[in-house]
Amino acid sequence: MTDDKRFKPIKENPKVENSLAESSETQTQEDSIADSVEQHLLGLENSNNEKLETSQIEEQGFSEAELSRLVNTEKLQSLLNQSDEFLGHLSSEVEDFNEDNHN
């Protein structure tokens, strides 16, 4: 047999192996955190884009002719009358409640 150092088995150093394993695990955790942050930022960007589109739609003005064509005036008047009746009833109930509590 030869005394060539290239063929001698190298003694393993557990400290080095543990350090490498911890380094690999830390890198994986950092990659995972980086991926999570990136996904979160992309989600925020998409949310901001949706809000911008919504606000642009909400700010769109309608002409009087468009509104009259889109809105059923009879139905709108019926709903307004119902809300007036409801609010009137609610107001009287609140007044009755206040009178009962003050006496």
For Q82, enumerate each residue passing the side-chain contact (heavy atoms from CB on, under 4.5 Å) test, keeping only those at least two apart in sequence or located in another chain. S78, L79
Consider only side-chain N and O atoms of Q77 and N81, and report whether a donor and an acceptor are under 3.5 Å apart. yes
Side-chain atoms of residues 68-76: list all donor-acceptor pairs with protein atoms under 3.5 Å, sequence neighbours left out, distances to 0.1 Å.
| unit_1 | atom_1 | unit_2 | atom_2 | d |
| --- | --- | --- | --- | --- |
| S68 | OG | E64 | O | 3.3 |
| S68 | OG | A65 | O | 2.9 |
| N72 | OD1 | E74 | N | 3.2 |
| N72 | OD1 | K75 | N | 3.2 |

I'd like a table of donor-acceptor pairs (distance under 3.5 Å, sequence neighbours excluded) in which one partner is a side-chain atom from residues 86-96, with atom names and distances.
| unit_1 | atom_1 | unit_2 | atom_2 | d |
| --- | --- | --- | --- | --- |
| S91 | OG | L87 | O | 2.9 |
| S92 | OG | H89 | O | 2.8 |

Under 3.5 Å donor-acceptor pairs involving side-chain atoms of residues 40-49, not counting sequence neighbours:
| unit_1 | atom_1 | unit_2 | atom_2 | d |
| --- | --- | --- | --- | --- |
| N46 | ND2 | L42 | O | 3.4 |
| N48 | ND2 | L44 | O | 3.4 |
| N49 | ND2 | E45 | O | 3.4 |

